[in-house]
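In this chain, residues are counted from 1 in sequence order.
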Amino acid sequence: MKEVIDEAADMIWDWEETYGVKIPMSCNISGGEPLLRSDLFEILEEISWKGSDIYILSNGTKITKEIARKLARNKVSGVQVSIEGPEKIHEDIRGKGSFAASISGVKNLLAFGIPVTLNSTLSTVNAGYFPEMVSLSKSCGVQKLGFLRLVPYRRGSAMLDKMIAVDEVKKLHRNIFSMDASPVRIVTGDPVASQFSMNEVTEDCGDTALGGRAAAVSGMTILVDGTITPCRRLNIPIGNVLEDSLREVWSMLPVLEALRDRKRYEGRCKRWANCRGLRAIAYAYSKANGKENYLAVDPQCCIEDNPVP
């Protein structure tokens, strides 16, 4: 892990020197549950030494006061805690007793000055409870409330029939961004949802990816066994850090090249540069239907100028 962290940092520093630009470096530590690792804080220390921002994605149940103190000591920039709705809904999805344990973890983080984002994965099971999530976020005192659509991948594949219909997705996104959540800030990693918080697009945004998800554009994922994937929900192996150079993977892998090439995408949308749909959903949904196409149209895209072929 230390070698991989060193390689990633050296790669970015070389880019900065070569191209004369500052590249903000950040690392999201996810899982599973990252706090189950006995060596987590050694890993965080290595990353911190390289000057990278560190974010933890957790269910919050393992965050005791001592853990929160250690996270603060390691200068963690923020923690995202998964909360799927009010207590009953959350526990229907994540198990009995999990809600109180997660909220306790949130309070411990806030007590040590660590910014917290509550995050919900939205499906037909919990989407209607988002207003309660706003109230919960305010009462907890967190800084942000985030959301993402269900990706029918891994355990989520069993919930394929719980994906929200396209028309309902559009209504949901408009409703969410019209809510008064102040002082909590509503955020999302969903590129389609983000379009509803942007100004109207009248001209084509071009062929260079400027926004949307990080896959192939501003980041990649390393799994626990060293497998490299474009993102943590896009289950396409593109190498392994035990054998492959990160630089070569980033610059030469055909999958990443395709993800950066507008001409290879199905559908046509003038917002491509700012969105590109959620590739993990496009891939998982097409795979469930026997096609395995990571360049397919996002099946829940509800933007008028992106007609499905």
Donor-acceptor check, side chain of [X] to backbone of [Y], threshold 3.5 angstrom: yes or no?
{"X": "N175", "Y": "L172", "answer": "no"}
{"X": "E91", "Y": "G97", "answer": "yes"}
{"X": "E46", "Y": "E42", "answer": "no"}
{"X": "T61", "Y": "A101", "answer": "no"}

Grab the two heavy atoms, one from [X] and one from [Y], that are nearest each other, plus how far apart they are.
{"X": "N59", "Y": "V81", "result": "O-CG1, 3.7 Å"}
{"X": "S102", "Y": "S82", "result": "OG-O, 4.5 Å"}
{"X": "I114", "Y": "A72", "result": "CD1-N, 3.6 Å"}
{"X": "I47", "Y": "C27", "result": "CD1-SG, 3.9 Å"}
{"X": "R276", "Y": "A209", "result": "NH1-CB, 3.3 Å"}
{"X": "D244", "Y": "G239", "result": "OD2-CA, 3.3 Å"}

State, with a plain yes or no, whether a side-chain heavy atom of [X] is found less than 4.5 Å away from one of [Y].
{"X": "Y283", "Y": "L295", "value": "no"}
{"X": "R37", "Y": "V224", "value": "yes"}
{"X": "V169", "Y": "I164", "value": "yes"}
{"X": "H90", "Y": "S120", "value": "no"}
{"X": "V184", "Y": "V134", "value": "no"}
{"X": "I56", "Y": "I54", "value": "yes"}
{"X": "I83", "Y": "I103", "value": "yes"}
{"X": "C275", "Y": "V192", "value": "yes"}

Reported [atom1]-to-[atom2] distance for the pair [X] and [Y], which is rounded to 0.5 angstrom:
{"X": "S30", "Y": "Q80", "atom1": "OG", "atom2": "CD", "value": "8.0 Å"}
{"X": "H173", "Y": "Q300", "atom1": "NE2", "atom2": "CD", "value": "7.5 Å"}
{"X": "L71", "Y": "L35", "atom1": "CG", "atom2": "CG", "value": "6.0 Å"}
{"X": "I186", "Y": "F147", "atom1": "CD1", "atom2": "CZ", "value": "7.5 Å"}
{"X": "K170", "Y": "F196", "atom1": "NZ", "atom2": "CZ", "value": "6.0 Å"}
{"X": "I67", "Y": "N108", "atom1": "CD1", "atom2": "CG", "value": "10.0 Å"}

Is it the case that more than 12 heavy atoms not belonging to E3 sit under 6.0 Å from its CD atom?
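Atom CD in E3 is not packed in, count stays at 12 or less.
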Are there more than 12 heavy atoms of other residues, nucleotides or ligands under 6.0 Å from atom CE of M179?
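Yes - once you tally the heavy atoms of other residues, nucleotides and ligands closer than 6.0 Å, there are more than 12.
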Side chain to side chain contact (heavy atoms under 4.5 Å, CB included) between T117 and V142, intermediate numbers included:
CA-CA 6 Å; T117 300; V142 301; over 6 Å; no
Presence of salt bridge, [Y] and [X], under 4.0 angstrom:
{"X": "R94", "Y": "E84", "answer": "yes"}
{"X": "R264", "Y": "D261", "answer": "yes"}
{"X": "K50", "Y": "D6", "answer": "yes"}
{"X": "R149", "Y": "D298", "answer": "yes"}
{"X": "K62", "Y": "E33", "answer": "no"}
{"X": "R262", "Y": "D204", "answer": "yes"}
{"X": "K75", "Y": "D53", "answer": "no"}

Return the orientation label for the W272 and Y265 ring planes: parallel under 30°, perpendicular over 60°, tilted otherwise.
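The arrangement is perpendicular - the two ring planes meet at more than 60°.
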Below 30° counts as parallel, above 60° as perpendicular, anything between as tilted: where do the rings of W15 and W250 land?
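Rings of W15 and W250: tilted, as their planes differ by 30° to 60°.
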Joint hydrophobic cluster, [X] plus [Y], side-chain heavy atoms closer than 4.5 Å:
{"X": "L109", "Y": "L57", "value": "no"}
{"X": "V76", "Y": "Y55", "value": "no"}
{"X": "W13", "Y": "M11", "value": "yes"}
{"X": "V187", "Y": "I176", "value": "no"}
{"X": "F112", "Y": "V106", "value": "no"}

Under 4.5 Å side-chain heavy-atom separation, chaining through any Ile, Leu, Val, Met, Phe, Trp or Tyr, what else clusters with L160? Say none if it is isolated.
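I89, I93, V125, Y129, L148, L150, V151, Y153, M159, M163, L278, I281, Y285, listed by chain and number.
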Could you tell me if [Y] and [X] have a donor-acceptor pair between their side chains, going purely by distance under 3.5 Å?
{"X": "S286", "Y": "E292", "result": "no"}
{"X": "E266", "Y": "N293", "result": "yes"}
{"X": "T227", "Y": "D225", "result": "yes"}
{"X": "R185", "Y": "Q143", "result": "no"}

Show your reasoning for whether side chain to side chain contact (heavy atoms under 4.5 Å, CB included) applies to N126 and T121.
CA-CA 8 Å; N126 64 347; T121 300; 5.6 Å; no
